Participant: 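Shown below is the structure under consideration.
These numbers were taken from a predicted model, which means no experiment stands behind them. Letters A, B, ... mirror the listed sequences (proteins, then strands); counts begin at 1.
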Amino acid sequence: MVERSEQILLEQARAGDEESFARLVDTHAARLINLGWRMTGSRDQAEDLAQEAFLRLHRSLGSFRGDSSLSTWLYRTLSRLAIDHLRREKLKRKIFFFRSADSEQADPVDIAPDPGTGPGETLLAMETGQRVRHALQQLSPQQRAVFTLRHDEGLSLQEIADTLQLSQGTVKAHLHRAVTSLREELHDLRERIGS
Amino acid sequence: MKRTDCQPERLTLYHYHELEETERQRVADHLAACPACREELEDLNRVLRLADTGRLEISNLERQQFTQRVSVAGRRRKRSRIPAWGLALSSATALGLALILLRPGITPQPQPPQQQSSRIFADIDMLQNFDMLDDLDLLENLDLLQEMGDLG
């Protein structure tokens with residue numbers, strides 16, 4: 001359910017108060033951008049997806065009844081947008097033969113070190129980051145969404161099922177396949193890093 | 001110890017604390033007696049630790065800029081809906097006038113049905129090409145991609 005303060009902001013936004021809508025955006029922006037970043041691996045893309053989710057909220061203000069929390073509604077919308085985006089990207093790559101889904105190297109831009117990391121970061125840690133990002137890219141869009149929501153966002157399987165409108169059994173299967181795929185992709189790395 | 005108790009799916013759920021209490025206890029008992037599954041679980045824990053991607057730090061300024069960006073995009077989208085109605089109305093008016101004013105002499109001659117339908121298909125193909133990259137359903141239904149999918 002929507003919290004009281006949020007309910008007031010929603011009502012004011014519904015009445016056309018742009019400032020109230022901006023406050024709602026400000027409250028949820030960081031979490032939503034983070035979710036988009038984890039799902040796509042790109043900050044720019046994450047911001048675009050988050051923006052689209054907020055614009056859809058703006059368009060749906062009249063019909064938003066508050067049965068689920070605003071946060072859940074935004075999570076659901078962004079997850080679906082991210083899954084569609086990942087599916088589209090995968091198909092585009094297939095069409096243009098830029099790289100095959102499972103054999104060639106990842107795009108150098110995608111696997112470049114995070115600019116936020118400090119200069120003291122070791123080569124091994126950088127390689128680990130690149131390999132993990134690459135391994136995550138190999139997951140199917142739904143596997144990646146389920147894995148991100150469980151592993152990074154800490155949602156329960158039931159919450160993920162509600163968010164993605166899947167059965168709990170399907171969520172379990174996606175999660176297990178995602179974990180299996182990551183283990184296969186990172187097989188050599190975990191041996192080098194050791195226990 | 002039964003070999004059938006070694007189920008990797010359950011280890012994933014065990015790691016994420018997604019098993020009910022009795023099931024969780026059963027897996028814990030099994031792990032105590034099965035070195036292979038213990039090794040499997042340790043391995044799984046190691047990989048999942050590697051997969052911790054951390055958190056994107058977003059400063060207050062960046063958040064404000066993003067909020068501003070959403071507000072501007074919202075206003076722009078709202079404005080763009082109004083001219084769309086105007087454009088549709090003026091197009092309909094122009095079409096109506098053209099139908100009234102166009103004399104029969106300059107009306108295009110009807111084409112044979114077969115020629116007409118092939119042109120329609122060509123036009124549809126062209127339109128689809130323009131929109132292809134943004135139309136997810138269309139992309140997924142392309143025969144080429146389905147064949148590629150079958151080949152792995």
Side-chain angles (χ1 to χ4, degrees), chain A residues 18-19 21-26 29-30 33-34 36-38 41 43 46-47 50-52 54-55 58-59 84 87-88 91-92 94-95 101-102 114 116 128-129 131-133 135-136 147-148 150-152 156-158 172-173 175-176 178-180 182-183 185-187 189-191 193-195, chain B residues 7-13 15-19 39-40 42-60 62-78 81 132-142 144-149 151-152:
Chain A
E18 293 295 328
E19 184 58 33
F21 184 74
R23 281 177 64 190
L24 288 170
V25 173
D26 193 58
I33 293 171
N34 256 287
W37 174 65
R38 286 185 174 125
R43 177 164 182 164
E47 290 195 9
Q51 176 178 312
E52 183 57 33
F54 283 120
L55 291 178
H58 195 266
R59 218 165 46 211
D84 276 355
R87 285 164 69 198
R88 203 175 285 125
L91 288 164
K92 277 182 189 174
K94 276 188 183 176
I95 288 174
D102 52 6
D114 186 336
T128 304
R131 290 286 307 282
V132 169
R133 277 191 282 276
L136 287 168
F147 181 77
T148 302
R150 183 64 193 90
H151 186 79
D152 298 308
S156 71
L157 296 185
Q158 187 55 56
K172 281 181 189 173
L175 181 63
H176 179 64
V179 170
T180 304
L182 289 176
R183 289 179 70 190
E185 286 287 327
L186 302 173
H187 185 266
L189 200 62
R190 68 172 187 256
E191 279 168 5
I193 296 220
S195 51
Chain B
Q7 293 175 7
E9 297 93 334
R10 288 201 303 178
L11 291 183
T12 302
L13 298 176
H15 171 88
Y16 285 116
H17 303 277
E18 288 287 357
L19 290 174
E39 176 56 35
E40 187 85 355
E42 280 170 25
D43 187 65
L44 189 143
N45 289 338
R46 272 199 295 270
V47 169
L48 291 177
R49 268 200 303 275
L50 286 176
D52 286 334
T53 48
R55 188 171 175 79
L56 193 63
E57 289 303 326
I58 297 165
S59 67
N60 285 343
E62 287 171 323
R63 219 178 56 230
Q64 283 166 12
Q65 285 171 339
F66 175 77
T67 303
Q68 179 71 17
R69 180 181 142 180
V70 173
S71 298
V72 169
R75 279 197 292 271
R76 196 176 297 148
R77 204 171 271 191
K78 207 189 279 179
R81 269 183 242 145
M132 192 174 71
L133 296 180
D134 291 323
D135 189 339
L136 194 58
D137 292 333
L138 179 71
L139 287 171
E140 287 186 327
N141 287 323
L142 284 178
L144 171 70
L145 290 174
Q146 287 178 358
E147 283 167 20
M148 284 167 67
L151 293 171

Participant: Name the region of B:Leu11, side chain, backbone, both or neither, that has any atom closer than 4.5 Å to a heavy atom of chain A.
Facilitator: neither
Participant: Pairs in or reaching into residues 62-74 of chain B: which pass salt bridge (Lys or Arg N to Asp or Glu O under 4.0 Å), with residues at least two apart or in two chains?
Facilitator: A:Asp26-B:Arg63, A:Arg43-B:Glu62, A:Glu47-B:Arg69, A:Asp48-B:Arg69
Participant: Answer with side chain, backbone, both or neither: which region of B:Asn60 has an atom nearer than 4.5 Å to a non-hydrogen atom of chain A?
Facilitator: neither
Participant: Answer yes or no: is there a side-chain heavy-atom contact under 4.5 Å between B:Gln68 and B:Val72?
Facilitator: yes
Participant: Report the option among B:Glu42, B:His15, B:Glu40, B:Gln64 that has the most heavy-atom pairs separated by less than 4.5 Å from atoms of chain A.
Facilitator: B:Glu40
Participant: Taking side chain as everything from C-beta outward and backbone as N, CA, C, O, which of these in B:Thr67 sits under 4.5 Å from a heavy atom of chain A? Side chain, backbone, both or neither.
Facilitator: both
Participant: Let's test your reading of the structure: which of A:Asp152, A:Val132, A:Leu157 forms the most heavy-atom pairs below 4.5 Å with chain B?
Facilitator: A:Leu157
Participant: Below 4.5 Å, heavy-atom pairs only: which of A:Arg38, A:Glu18, A:Lys172 has the largest tally toward chain B?
Facilitator: A:Arg38
Participant: Applying salt bridge (Lys or Arg N to Asp or Glu O under 4.0 Å), run through B:Glu18 and A:Arg150 and close with a yes or a no.
Facilitator: CA-CA 10 Å; B:Glu18 288 287 357; A:Arg150 183 64 193 90; 3.1 Å; yes
Participant: Of the backbone (N, CA, C, O) and the side chain (C-beta and beyond), which part of A:Ala50 lies under 4.5 Å from a heavy atom of chain B, both, or neither?
Facilitator: both
Participant: Side chain, backbone, both or neither: which part of A:Leu24 has a heavy atom under 4.5 Å from chain B?
Facilitator: neither
Participant: With a 4.5 Å cut-off on side-chain heavy atoms, are B:Leu48 and A:Phe147 touching?
Facilitator: yes
Participant: Tell me, with the steps shown, if B:Ile58 and B:Phe66 meet side chain to side chain contact (heavy atoms under 4.5 Å, CB included).
Facilitator: CA-CA 10 Å; B:Ile58 297 165; B:Phe66 175 77; over 6 Å; no
Participant: With sequence neighbours left out, what residues match B:Arg55 under side chain to side chain donor-acceptor pair (under 3.5 Å)?
Facilitator: none
Participant: Can you say whether A:Ser156 sits under 4.5 Å from chain B via the side chain, the backbone, both, or neither, judging by heavy atoms?
Facilitator: both
Participant: At a heavy-atom separation under 4.5 Å, does A:Gln158 approach chain B through its side chain, its backbone, both, or neither?
Facilitator: neither
Participant: Locate the shortest heavy-atom distance separating A:Ala46 from A:Gly36; write the atom from each residue and the value.
Facilitator: CB-C, 3.4 Å
